[in-house]
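Have a look at the structure below before the remarks.
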Amino acid sequence: MGGWAIAVHGGAGVDPNLPAERQEEATQLLTRCLNIGISALRSSLPAIDVVELVVRELESDPLFNSGRGSALTANGTVEMEASIMDGNGRRCGAVSGISTVKNPISLARLVMDKSPHSYLGFSGAEEFAKQQGVEMVDNEYFITEDNVGMLKLAKEANTILFDYRIPVTGLDSCASSVESPIRMNGLPISVYAPETVGCVVVDGQGRCAAATSTGGLMNKMTGRIGDSPLIGAGTYAGEVCGVSCTGEGEAIIRGTLARDVAAVMEYKELGLQEAVDFVIKKRLDKGFAGLIAVSNKGEVAYGFNCNGMFRGCATEDGFMDVGIW
């Protein structure tokens, strides 16, 4: 074992014109979350506890699209989803259609620990949350002024937006009159931007874990489920690695992206970074996405095939890096 390692992400596919102040805000948030995870790992918390702790922090900050600050459905409401997986025994939990649970990732953890199931959705997940006594809030808690503006833009353009992080002002070039080269299931999308948060950790005992949380797509159909709550697509952890993905959910689902990283490590005996590079290059077809990963040897890696990904990583030997492009 090579010691602990941690990586976090705030989404893949960054607007090249993202204002400097928003870049700085994102860098500060990722650094804060890394430091929370590092402190927990130095205190010998197991990997599964650390990924939950870090993603809770990301969900509680409105900067990224998860928890408070989640993207809005076509009806102007929030439907969140999350998943968590413990590589130690391949235990997992996932939730979808969450509208009143303050931290969906912790509800996913409770599904894993306190229910006989791996995945609960919509009213059933909300009822389970009440039974477990988790913190509940009104749906309005998750809605921000930025999101309301982006939903208005999406409806005017009659399209789906991947996210709200691009400022509402100065978006004439993103209107419906401009044909986008980016497509989802063959349909054009006017804006591509990050839309998920995640964390992967290997602790000092070589145990891997992964967690992913999102509000999904801006102006999405009510009931749409993306890759983030799907074990093997947006999230996976096993004996050899932990992976969290972000980007075009439909492409990630088709490529079973997270599990494929582990599969090529197991079956092709690739190293962690080799496996990440292989999957990003070979499994996305025409989709755009990124991912972060750790191995049971204490390695950390990331990859993306778009113009940027909000990410940060650190290892026990003192290495730490936070980047966007």
Side-chain angles (χ1 to χ4, degrees), residues 2-43 45 47 50-69 105 163-167 192-203 208-214 228 235 241-247 261 272-273 276-277 280 288-295 298-325:
W4 57 257
I6 179 173
V8 297
H9 73 73
V14 183
D15 173 25
N17 299 312
L18 193 69
E21 60 268 24
R22 289 215 176 186
Q23 295 184 42
E24 180 60 26
E25 288 173 359
T27 299
Q28 290 179 2
L29 176 56
L30 292 169
T31 301
R32 185 172 85 236
C33 290
L34 272 182
N35 284 328
I36 289 171
I38 289 168
S39 178
L41 286 162
R42 287 174 175 168
S43 299
L45 258 66
V50 179
V51 295
E52 180 187 2
L53 180 68
V54 171
V55 171
R56 279 179 63 93
E57 183 71 14
L58 288 163
E59 289 176 336
S60 299
D61 193 297
L63 183 64
F64 291 135
N65 177 13
S66 66
R68 185 166 181 262
I105 196 64
D163 196 80
Y164 69 92
R165 259 174 295 287
I166 300 172
Y192 182 83
E195 43 80 38
T196 300
V197 303
C199 179
V200 292
V201 166
V202 57
D203 60 27
C208 297
T212 311
S213 181
T214 189
S228 297
T235 304
C241 67
V243 183
S244 174
C245 300
T246 171
V261 173
L272 182 67
Q273 188 64 61
V276 168
D277 293 342
I280 291 293
F288 292 88
L291 62 86
I292 54 173
V294 292
S295 77
E299 303 164 308
V300 63
Y302 63 85
F304 52 91
N305 67 349
C306 41
N307 59 323
M309 179 172 72
F310 292 112
R311 82 268 178 191
C313 55
T315 58
E316 189 171 358
D317 61 12
F319 171 77
M320 183 172 177
D321 179 64
V322 176
I324 300 177
W325 310 110

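Nothing fancy with the numbering, it's 1 onward along the sequence.
- Counting heavy atoms from C-beta on, the side chains of W325 and N307 come closer than 4.5 Å.
- Of the candidates L45, V50, L41, D203 forms a side chain to side chain contact (heavy atoms under 4.5 Å, CB included) with just one, namely L41.
- The two residues S213 and V55 come nearest to each other via the heavy atoms CB-CG1, 3.8 Å.
- H9 is not listed as a side-chain neighbour of Y302, based on a closest heavy-atom distance of 4.5 Å or more.
- Using modelled atom types and a 3.5 Å distance limit, the side chains of T212 and S228 yield no donor-acceptor pair.
- Nearest approach of A5 to T315, heavy atoms of both residues: CB-CG2, 3.9 Å.
- For V51, the side-chain contact (heavy atoms from CB on, under 4.5 Å) test picks out I48, I84, C199, V201, A209, A211, with sequence neighbours left out.
- Checked against side-chain hydrogen bond (donor to acceptor under 3.5 Å, both in side chains), D277 has the following partners two or more places apart in sequence or in another chain: Q273.
- Qualifying salt bridge (charged side-chain N to carboxylate O under 4.0 Å, His left out) partners for E57, counting only residues two or more places apart in sequence or in other chains: R32.
- When every heavy atom of F64 is checked against every heavy atom of G10, the shortest pair comes out as CD2-O, 3.6 Å.
- Residues L58 and L29 have side chains in contact (heavy-atom distance under 4.5 Å, counting atoms from C-beta outward).
- What you find for I38 and A314 is that their closest heavy atoms are CD1-CB, 3.7 Å.
- The structure places CD1 of I105 at 9.0 Å from OG of S66, a figure rounded to the nearest 0.5 Å.
- With contacts defined as side-chain heavy-atom distances shorter than 4.5 Å, the pair L18/F310 qualifies.
- Between C313 and I292, the closest side-chain pair of non-hydrogen atoms is not below 4.5 Å.
- To the nearest 0.5 Å, the span separating CZ on R22 from CD1 on I324 amounts to 12.5 Å.
- No side-chain donor-acceptor contact under 3.5 Å links S39 to the backbone of N35.
- Atoms CG and OG1, from L291 and T246 in turn, are 9.5 Å apart once rounded to the nearest 0.5 Å.
- Smallest separation of non-hydrogen atoms from S244 and G198: OG-CA, 3.5 Å.
- When the salt bridge (charged side-chain N to carboxylate O under 4.0 Å, His left out) test is applied to E59, no partner is found at least two apart in sequence or on another chain.
- At least one side-chain heavy atom of V54 sits under 4.5 Å from a side-chain heavy atom of I6.
- Side-chain contact between V14 and Q23: absent, with no pair of heavy atoms (C-beta onward) separated by less than 4.5 Å.
- Scanning all heavy atoms of the two residues, the minimum distance from A7 to V300 falls at CB-CG2, 3.7 Å.
- For residues 3-14, no pair satisfies salt bridge (charged side-chain N to carboxylate O under 4.0 Å, His left out), with sequence neighbours left out.
- Contacts of E24 classified as side-chain hydrogen bond (donor to acceptor under 3.5 Å, both in side chains), with partners at least two apart in sequence or in another chain: Q28.
- Using a 4.5 Å heavy-atom cutoff, the side chains of W4 and V294 are not in contact.
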